[in-house]
Structure formats: structure tokens, C-alpha cells
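Read the structure below first, then the notes.
From a predicted model like this one, the values you see are computed outputs, not experimental measurements. Order of appearance sets the numbers: ligands from 1, and atoms from 1 within every ligand.
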Amino acid sequence: MTYKRFFEDAVARLKDERRYRVFADLERSVGRFPRAAWHGPEGVRDVVIWCSNDYLGMGHHPDVIEAMAGCARRMGTGAGGTRNISGTSHPVVELERELADLHGKEAALVFTSGYVSNQTGISTLARLIPDCLILSDALNHNSMIEGVRQSGCAKQVFRHNDLEHLEQLLKAAGAERNKLIVFESVYSMDGDTSPIAAICDLADRYRAMTYIDEVHAVGMYGPRGGGIAERDGVMHRLDIVEGTLGKAFGVMGGYIAGDAVVIDAVRSHAAGFIFTTALPPAIASAAAVSIRHLKASDRERDAQQRQAARTKRVLALAGLPVMASETHIVPVLVGDAEKCKAASDRLLRQHGIYIQPINYPTVPRGTERLRITPGPAHTDAMIDDLAASLIETWLALDLPLKPWADAAE
Ligand SMILES: *Cc1c(COP(=O)(O)O)cnc(C)c1O
């Protein structure tokens, strides 16, 4: 097959650029997370996972598991069709009520993933607004960029979290022009947050609609897990809140929440919603139980924040280049694609620690990093072991440590 060569070239190019991805073959088992079995080249080994987005371990919560298994036994596995054709099951309807309530909105609409909710949500909203100009944060997730692109609308990218730049663009567009501001609350590679209230102030002043991705914050922040906007008391000021059911909620799926008429319009116009099989009832049921649990319980959030803070402190004291982060995410700078991959490999093979390397294009070249996500199930001893393993790896790969750590030795 002569076409095969194109694909061989494509793979070779990735390998040349150190961008070829290798997945770790892992087997999590309930009750042992963050420990897992790694199916590696030398057989099966016990490892500790340090980069899961099941941030709170809800994917292993007994109530959530029982909701999924029990519902599958009662209602079967698949949804049986698109929402229009036999796929609107009662658990999906209940899930949408739960989500609307979580964000203090009139309605919510569930999609098969957070990716799809952004891609199809943003593109559909923007296309329904006449002559819409989209203002998009420079560090927005790929799913949002694809949503903006697919809308076919004019777009301008504002410098990351730069209110002055955003205001300039809003002002230049003029009061008459319809505008949609799309941004995130937690940027998950750096762990910084956006100035939501100030962005809403600008949106009010210049008559723009707002769309926020709270994917890395739902379940995690706010008294009921409504996200950073709930924590900051500004949820009611946002027009559309988007989130995932696949990260802190530990299941799968995505959604948007907002005014009933807006959600209704998206429901009837979004191709990525209309022409695809609905979420299975068991998934919806498990997600609803997880959301309900985290609305009432701070235990997981508090333990997670504690372990994240402790991890930052212990790694920084050891002299590791922990990047500044305001949230639960702990990025450690490597700054070189090859060394980042080598560090990840060494941690897995020598130390039984799994942290996937984060390289370009997920982050800019020169800022390659290990992105660590401590959870409530990581023990203090695991954190200390992580620090020791990272130091060994840093020394073995000749990566820079903070000078005062050398002096302390
Ligand atoms: C992971 C992610 C998504 C996609 O959510 P999925 O449910 O995993 O498809 C959207 N936005 C951001 C910022 C993400 O990190």
C-alpha cells in the first residue's frame, strides 16, 4: 500500500521532535487507588499514579460504582439511540436537573464528553448570535479552539488573563457588535485561575455574552462543588457554564448550563448533540450520584487541597522547580522535551511512580513539565517518596535544582 509511507513519515516526524506519545498500560483496582498495576515491558508492577484527573477518587466511590452497576442491571447498557430517537432516559433527565441546580441555572444539556460540549456548544451558540465576534483567551483548551473555529465566526484572541487587552478588543468592536467571551476558570497546565468577576464586569460594560469552561473546577471548588465561580460568588453573572463529568466527578460526559431558552436553542441546533447516541443511563446515574455526593460533602475537597498544598511545600523545600500554581495542580518544570520524557520513564521504571510528561503542543516548547495532581488518597508517606524519587531523577538527568537546596546538603 503506497499510502502507508505517509503514515510512517508522520510517525517518524513525531519521534524526531520527541513528540511521539507512549501510553502507560495501567490497571486501577477499587480500594487501592492511587496504587495501580502497570503492564510494562518486564511484566506487571505496582505503581503509584500521580497524574490522574479523577482528582477526588470519585471514580472509585462505592455509591458511584453501585449507581452505575445497579442502573446497568436494571436498565441495561447502551442508551439505545440519540436523544431524539429513544435515547432520552430518565437518569439523563435527572442528571440535567442536578447540573442546572449545581450552577444555579435554569437548565443544563448533557453531551458525550466535555470536549464535545465545548466544540459543539461554542460553535452552536456563536452561530445563533448574528455577526458574533468571539473573544477567546490565548490559553483556551483545544476543544474551545475547535468550537470557535467550527462556528465560522470572526474571532480575536486576547492575551492570557489580560483584562486590558480584552477591554481594548471589546472597545474596538463597538457596542453594537455582538460578542461572546470564552475562557476557563482553572487553566490546568499552569494551575492558575482567571479573574472571573472582572471579566464579567467587562462583559456588562461592553454588552458581551460570557462562556466559561469550569472543567478543572467542578466538584473541586465552591461549597457545593459548583466551581471557581461558585467559590467567588459570581456564578449568577456567567451566561454559560461548561463542565465535565469525567474528571472530579469520576465518570464520563460533559455539559453546558444556562438560561432555559439558550439551552433549548442549543438542544435543537447542535449537530454534535443531535446526531450522536446519548449517554447510557448507567453513566448518567453514576454522574448524578457523584455530583449529589460532592454537593453535600467537603471531605474529599478538603483532603485534596491539603495533599496538594503539602506536595507543593515538600517538593519546593527539596529544591525542585515547582511552578507557581494557585490551585490543586502541581506543575514541575523540566523545560526540555527529551528530558521530560526521560524523567517520566525513569520515575516509572526506577521508582514505580507514574507521571505522564507534558510536552508541546499541550504546553509551549521550553516549558515541558511534569504535571502532578495529588488527590485525597495520596498519603503523606507517598508525597515524601515522590520528593525523594524526583530528586534522584533530577540528579541522574542533570536537571537544575534550586541552589539553596544544594547548600542544605
Ligand atoms: C479535559 C478538558 C476538556 C474535555 O473534557 P472531557 O470530558 O475530558 O472531554 C475540556 N476543557 C478542558 C479545559 C479540559 O482540560
Donor-acceptor contacts under 3.5 Å from residues 60-82 side chains, at least two apart:
residue: His61; atom: ND1; partner: Asp63; partner atom: N; Å: 3.1
residue: Arg74; atom: NH1; partner: Gly70; partner atom: O; Å: 3.4
residue: Thr82; atom: OG1; partner: Ile85; partner atom: N; Å: 3.1

Per-pair distances, 0.1 Å, donor-acceptor, side chain in residues 289-296, under 3.5 Å, sequence neighbours excluded:
residue: Ser290; atom: OG; partner: Phe249; partner atom: O; Å: 2.8
residue: Arg292; atom: NE; partner: Glu98; partner atom: OE1; Å: 2.7
residue: Arg292; atom: NH2; partner: Glu98; partner atom: OE1; Å: 3.2
residue: His293; atom: NE2; partner: Glu300; partner atom: OE2; Å: 2.8
residue: Lys295; atom: NZ; partner: Glu98; partner atom: O; Å: 2.9
residue: Lys295; atom: NZ; partner: Glu98; partner atom: OE2; Å: 2.6
residue: Lys295; atom: NZ; partner: Asp101; partner atom: OD2; Å: 2.8

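Considering only heavy atoms from C-beta on, Phe111 comes within 4.5 Å of Ile256 through its side chain. No side-chain heavy atom of Arg310 sits under 4.5 Å from any side-chain heavy atom of His378.
For residues 248-266, the pairs satisfying salt bridge (charged side-chain N to carboxylate O under 4.0 Å, His left out) are Asp264-Arg267, with sequence neighbours left out.
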Practice problem: List the steps and the verdict of side-chain hydrogen bond (donor to acceptor under 3.5 Å, both in side chains) for Gln305 and Tyr221. | Solution: CA-CA 10 Å; Gln305 287 293 330; Tyr221 295 89; 3.2 Å; yes
Short N or O contacts of ligand 1 with protein, under 3.5 Å, listed by atom name?
residue: ligand 1; atom: 7 (O); partner: Gly114; partner atom: N; Å: 2.8
residue: ligand 1; atom: 7 (O); partner: Thr244; partner atom: OG1; Å: 2.6
residue: ligand 1; atom: 9 (O); partner: Gly114; partner atom: N; Å: 3.2
residue: ligand 1; atom: 9 (O); partner: Tyr115; partner atom: N; Å: 2.8
residue: ligand 1; atom: 11 (N); partner: Asp213; partner atom: OD2; Å: 2.7
residue: ligand 1; atom: 15 (O); partner: His216; partner atom: NE2; Å: 2.5
residue: ligand 1; atom: 15 (O); partner: Lys247; partner atom: NZ; Å: 2.8

